[in-house]
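The next block holds one structure in the form of structure tokens; read it before the comments.
To find a chain, count down the sequence lines: A is the first, B the second, and so on, and within it residues start at 1. All values below were derived from every heavy atom in this structure, side-chain atoms included, with hydrogens, water molecules and symmetry-related copies excluded.
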Amino acid sequence: MARGYDFKAIEAKWQRAWEESGAFAATEEPERRKFYLLEMYPYPSGRIHMGHVRNYAIGDVLARFLRMRGYNVLHPMGWDSFGLPAENAAIEHRTHPAKWTNDNIAYMRIQLKRMGFSYDWRREITCSDPSYYRWGQWLFLKLYEKGLVYKKSTAVNWCEMCRTVLANEQVEGGLCWRDGTPVVQKELPGWFFRITAYAEELLSGLDNLAGWPEPVKVMQRNWIGKSVGAEVRFPLVDRQEALTIFTTRQDTLFGATFMVLAPEHPHALALAQGTAQEQQVRGFIARMKLEDRIKRVAADTAKEGVFTGAYAINPLTRRRIPVWISNFVLPEYGTGAIMAVPSNDQRDFEFAKKYGLPIRLAVKPVGTDLDERDLQQAYEGEGVLVNSSLFTGMDSQQAREAIVDFLEREGIGKRTVHYRLRDWGISRQRYWGNPIPMIYCEGCGTVPVPYQDLPVILPHDVQITMKGGSPLQKVPGYVDVPCPRCGGPARRETDTMDTFVDSSWYFLRFTSPGAEDGPVAPARVNYWMPVDQYIGGIEHAVLHLLYARFFTKAVRDLSLIAVDEPFSRLLTQGMVCKETYRCAEHGFRLPEEVDAERCCRACGRSVQVGRIEKMSKSKKNVVDPEDLLSQYGADTARLFCLFAAPPERDLEWSDQGVEGSFRFLCRIVRIIEDQEALFKEPISSVPFQRLIVGRALYRRAQQTIKRVTEDIEDEFHFNTAISALMELTNEIGRFELKGAEDEVDERRFAYSYAVETLLLLLSPFAPHLCEELWERLGRSGSIFQAPWPGYDPAVVAAEEIVVVIQIDGKVRSRLVMAADADETAMREAALADERVRGWLQERSIRKVVVIPKKLVNIVTGGI
RNA sequence: GCGAGAGUGGCGGAAUGGCAGACGCGCUGGACUUAGGAUCCAGUCCGCCUUUGGCGGAUGGGGGUUCAAGUCCCCCCUCUCGCACCA
């Protein structure tokens, strides 16, 4: 038998029982309160890690708790099983991505089951399975019909090592997150989702997401990056065209003394043509094209530029202003051109100083006599307009409105809103993803695959080399197809979809996983959606969570679902961290490579005990859940993850802490085993009013019900819920079962009630053990079919309480009083107290503050 | 630079404006033991006083509000995360 208690046998026994009884299968029952609880599904990398264990343990407590509370709970699990690692692994292990993926899923499914998570496995989804991805293709085509999918050629992040485009979040400091290869910009055709069509709704919708953590909402707001301003036309001197700029500070228009274009701006070279500047401009543009984009965009990159030789007219001052080109203007934001107001914009100021361009003050701080000749830096704040014709003297905020009105009246410009959010490029030049269902015909152009031909099956026989383009290009039977429209020879699209597409709607599919007529079955999806509680890592704050919101709105507009937002409440759990050991010679070391004196076993040098960092293989500070399972079992692993820190905070791993959680469970086993005979006999209940010796224990049990219920329900404070359970356990352990003859019934009743309550309250945290002990207590049926215990507020409230007596805010005495003692009684008792009287000699009482049920504070006038 | 969050014993962490340090880990002592790395019991913020006991100090630093501040307000410091030439 395993140390402490036989968790291996117990856990296997109950996992089998739950599976056989279908305990966690969820069906739509319209008359019941539903609760859709979801944790972010994993990428099947091979084995689960502690981050998964923590994420899913948090979810499972809620799932089990809510079921006991009477909710109809949907708690599904699936696999984010498309993606590049499968192709890398295929090369490394000489296997097929499908086999590697499916083997991983099979293994990880077993691991999750061994953790005892209460999923409805009948609803399992595998992204890489045609039964799932066919509906991804279907949705792609529907969105295409709606104009929400389009193809364009543009500059994208390209990783030479991965041989594919990377999403923005996969670029960290200009390097590929996976292999550290510098990411390059590459002009490439690809498919895009028009997420920008929903920019405003994605932004405003955040205001209604009361159940989302503020940081996540802030990050999404920043990402969407809404700017309200105006587009203004600046006519070019001696030409027909004009340059259009975007600004949020039209109040500073009178201070615009030059213009700046991005090197990529379509007019950039044209303006210089035939001028003395042409060669210089040509050279500058060529150089900028070569320059690394990430570096160019970095804030600390020096501003540099060239004069185009051309002039424009400031439409308000009517003055000629030179047009420049510079690296600090970005082609993709606004119109790729700006008006430069050096007096009121720091970037423009620096540029003007560097190249000796004129500065003209447009807005000055209220009540100052700022002069542009004295400017040491731009004044970017609000203030009063100067040098601004009829707007001079106006408040800058009002002037923004007045000037944009004027621009619109005069036909010079118009109100405009710009977003930083860009359309979502979903083309991946890789094999292991969902095929984009498009066909190119020379005669008919781009033709969608007809719905009846879905799914486009990912061919099995491919050569994955990580060289050249997509492996799919070299699969003849795949690429060459007849055009669905004219029947002539045509070519299939060989890009596959970003895996974030799969995860953008998997939560919908869970509601109706077998649906054959569409991605979802309407009645079922509408019963379950939205997800009431979503749980996952904060690293998805912007991408997955933004994409999923976008998809939900787009699918809603296809009339397939009725909700606006996919996730009502969101919990972002912290990372699982552990200290690192680093040897000067051997780098990061495993704990077993370090001896008791903290020296490297390889070279004997003392290792540096590093910071507490997120568990990662490269830092050699990971703990494998598998080891935990074999040493302590699933209940201990879960319990520790929940006890060591509140869910949203980082969790610091501690082997001794795990040991402590295990000890706690062992203690409960001992308590019950020691009294096994007691529970075998019938126990008659005693009303609370008649409880004397058992009163305190009974009350403590009731108080624990209240605390645990509130801790789980309100704030997911599982750590404090567990500590309350430990206190109850301590109390039970101290309780004396033996006593006078006439007390025996009462003692046995209070004791068994407390033990039973303990098991019920602990069951969501340590389900296997509680199920087992519940059975040993002789209770029939699964503990998870028992209702969550309730409490009587009158019992919870003690009839006597300790009142703190303070003198001038310092505790000087404590008195036991009736809980319902009124202010007068409390004041008198406090003033009559001997210790208090000792302190009060020589002092005059200025005031007595009485807080019922809490304290009395006597404020004196000093000695 | 901007934004968000955090700073409490040796450690993880508790505290509707009302006894700071619950609970756990670790540590100390004791009991039971052939043994203890099992279990049980007691102790464990710091300083001071002669004890039972008591006094003083203590939640990054400094001010303030209040009868009362870890908690509210202002200033500063440190750390973590996110964004960062976004016009």
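Taking 4.0 Å as the cut-off between side-chain N and carboxylate O, Glu731(A) and Arg699(A) do not count as a salt-bridged pair. Of the charged side-chain nitrogens involved, none lies within less than 4.0 Å of a carboxylate oxygen, so that Glu332(A) and Arg420(A) do not count as a salt-bridged pair. Taking the charged nitrogens against the carboxylate oxygens, Arg400(A) and Glu382(A) do have a contact shorter than 4.0 Å, which makes a salt bridge. The existence of a salt bridge linking Glu710(A) and Lys706(A) is confirmed by a sub-4.0 Å separation between a basic side-chain nitrogen and an acidic carboxylate oxygen.
Of the candidate nucleotides rA87(B), rG56(B), rG82(B), rG82(B) has the atom lying nearest to any side-chain atom of Met219(A). Which of rA87(B), rU16(B), rA38(B) sits closest to the side chain of Thr248(A) comes down to rA87(B).
Within the nucleic acid shown, Gly660(A) comes within 4.0 Å of sugar-phosphate atoms alone, with no base atom in reach, counting heavy atoms only. Contact annotation for Trp839(A): backbone-only contact, meaning every heavy-atom pair under 4.0 Å involves sugar-phosphate atoms and none involves a base. Contact annotation for Val804(A): base contact, defined as any heavy-atom pair under 4.0 Å involving a base atom. Residue Val260(A) is out of contact with every strand shown, counting any heavy-atom pair closer than 4.0 Å. Among the atoms of the strands shown, only primed sugar atoms or phosphate atoms (P, OP1, OP2) are found under 4.0 Å from some heavy atom of Arg835(A).
Of the side-chain N and O atoms in Arg420(A), none sit less than 4.0 angstrom from OP1 or OP2 of rC83(B). Taking 4.0 angstrom as the limit, Arg221(A) places none of its side-chain polar atoms (N or O) nearer than this to OP1 or OP2 of rC2(B). Distances shorter than 4.0 Å separate none of the side-chain N or O atoms of Arg422(A) from OP1 or OP2 on rC86(B). Taking only side-chain nitrogens and oxygens, Lys810(A) comes nearer than 4.0 Å to OP1 or OP2 of rG57(B). The side chain of Arg667(A) contributes no N or O atom lying less than 4.0 Å from OP1 or OP2 of rC23(B).
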Protein-to-nucleotide contact annotation, 5' to 3' order, nucleotides 5-14 of chain B [B base; S sugar-phosphate only; - none; under 4.0 Å, heavy atom]: -------BSS
Strand RNA chain B as a dot-bracket string - pairs counted if Watson-Crick or G-U with both distances under 3.5 Å, | where the partner lies in another strand: (((((((..(((.....[....)))((((((.......))))))(((((...)))))..(((((..]....))))))))))))....
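Sequence neighbours left out, the pairs with a member in residues 645-660 of chain A that pass salt bridge (Lys or Arg N to Asp or Glu O under 4.0 Å) are Arg3(A)-Glu659(A). Among residue pairs with one or both ends in residues 334-349 of chain A, those qualifying as salt bridge (Lys or Arg N to Asp or Glu O under 4.0 Å) are Asp345(A)-Arg347(A); sequence neighbours excluded. The salt bridge (Lys or Arg N to Asp or Glu O under 4.0 Å) contacts involving residues 213-224 of chain A comprise Asp207(A)-Arg221(A), Glu214(A)-Lys217(A), Glu214(A)-Arg221(A), where partners must be two or more places apart or lie in separate chains.
For the pair Phe664(A) CZ and rC40(B) P, the computed distance is 12 Å after rounding to whole Å. For the pair Glu736(A) CD and rC41(B) P, the interatomic distance rounds to 12 Å; values are reported in whole Å. Look at CZ on Phe640(A): it is 11 Å from P on rC25(B), rounded to the nearest Å. The nearest whole Å value for the distance from the CD1 atom in Ile858(A) to the C1' atom in rG18(B) is 15 Å. Rounded to an integer number of Å, the gap from NE2 of His540(A) to P of rC81(B) is 18 Å. Atom pair Asp655(A):CG and rG24(B):P shows a separation of 19 Å (rounding to whole Å applied). In this structure, the CD atom of Gln573(A) is 15 Å from the C1' atom of rC81(B), given to the nearest Å. Rounded to whole angstrom, the span from the CG atom of Asn222(A) across to the P atom of rC86(B) amounts to 13 Å.
With its glycosidic angle more than 90° from 0, rG10(B) is assigned anti.
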Check against salt bridge (Lys or Arg N to Asp or Glu O under 4.0 Å), Glu304(A) and Lys354(A): CA-CA 8 Å; Glu304(A) 51 175 332; Lys354(A) 179 166 179 179; 5.7 Å; no
side-chain hydrogen bond (donor to acceptor under 3.5 Å, both in side chains) between Asn621(A) and Thr580(A), worked out: CA-CA 6 Å; Asn621(A) 63 343; Thr580(A) 54; 5.8 Å; no
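Aromatic ring centroids of Phe351(A) and Phe328(A) lie under 6.0 Å apart.
A heavy-atom distance below 4.0 Å to RNA chain B is reached by these residues of residues 724-733 of chain A, ordered by number: Met726(A), Glu727(A), Asn730(A).
Between the C1' atoms of rU71(B) and rG7(B), the separation comes to 14 Å (whole Å). To the nearest whole angstrom, the two P atoms, one in rG1(B) and one in rG47(B), are 41 Å apart. Of the P atoms belonging to rC46(B) and rA35(B), the separation is 33 Å, rounded to the nearest Å. Rounded to the nearest Å, the gap between the C1' atom of rG43(B) and that of rC25(B) is 16 Å. rA15(B) sits 13 Å from rA69(B) when the C1' atoms are compared, rounded to a whole Å. A gap of 12 Å separates the P atoms of rG5(B) and rC73(B), to the nearest Å. Comparing rG18(B) with rC23(B), their C1' atoms sit 22 Å apart, to the nearest whole Å. The same atom, P, is picked in rG56(B) and in rU66(B); the two are 24 Å apart, to the nearest Å.
With sequence neighbours excluded, the residues satisfying side-chain contact (heavy atoms from CB on, under 4.5 Å) with Pro213(A) are Pro215(A), Val216(A), Leu570(A), Thr572(A). With sequence neighbours excluded, the residues forming a side-chain contact (heavy atoms from CB on, under 4.5 Å) with Ala57(A) are Phe117(A), Arg638(A), Leu642(A), listed by chain and number. Listed by chain and residue number, Arg667(A), Arg734(A) satisfy the side-chain contact (heavy atoms from CB on, under 4.5 Å) test with Asn730(A) (two or more places apart in sequence, or in another chain). With sequence neighbours left out, Gln377(A) forms a side-chain hydrogen bond (donor to acceptor under 3.5 Å, both in side chains) with no residue at all. Partners of Lys353(A) according to the side-chain contact (heavy atoms from CB on, under 4.5 Å) rule, which considers only residues two or more places apart in sequence or in another chain, are Phe349(A), Ile359(A).
Judged by closest nucleotide on RNA chain B, Ser654(A) is the one of Ser654(A) and Asp345(A) placed further toward the 5' end.
Checked against Arg249(A) for a side-chain hydrogen bond (donor to acceptor under 3.5 Å, both in side chains), the options Thr252(A), Asp251(A), Thr247(A) give a single hit: Asp251(A).
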Short N/O separations, protein against nucleotides 66-75 of chain B, under 3.5 angstrom:
{"from": "rC67(B)", "atom 1": "OP1", "to": "Lys847(A)", "atom 2": "NZ", "distance (Å)": "3.4"}
{"from": "rC67(B)", "atom 1": "O2'", "to": "Asn857(A)", "atom 2": "ND2", "distance (Å)": "3.2"}
{"from": "rC67(B)", "atom 1": "O2", "to": "Asn857(A)", "atom 2": "ND2", "distance (Å)": "2.7"}

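The aromatic rings of His544(A) and His540(A) lie perpendicular to each other, with more than 60° between the two planes, well past the 30° mark.
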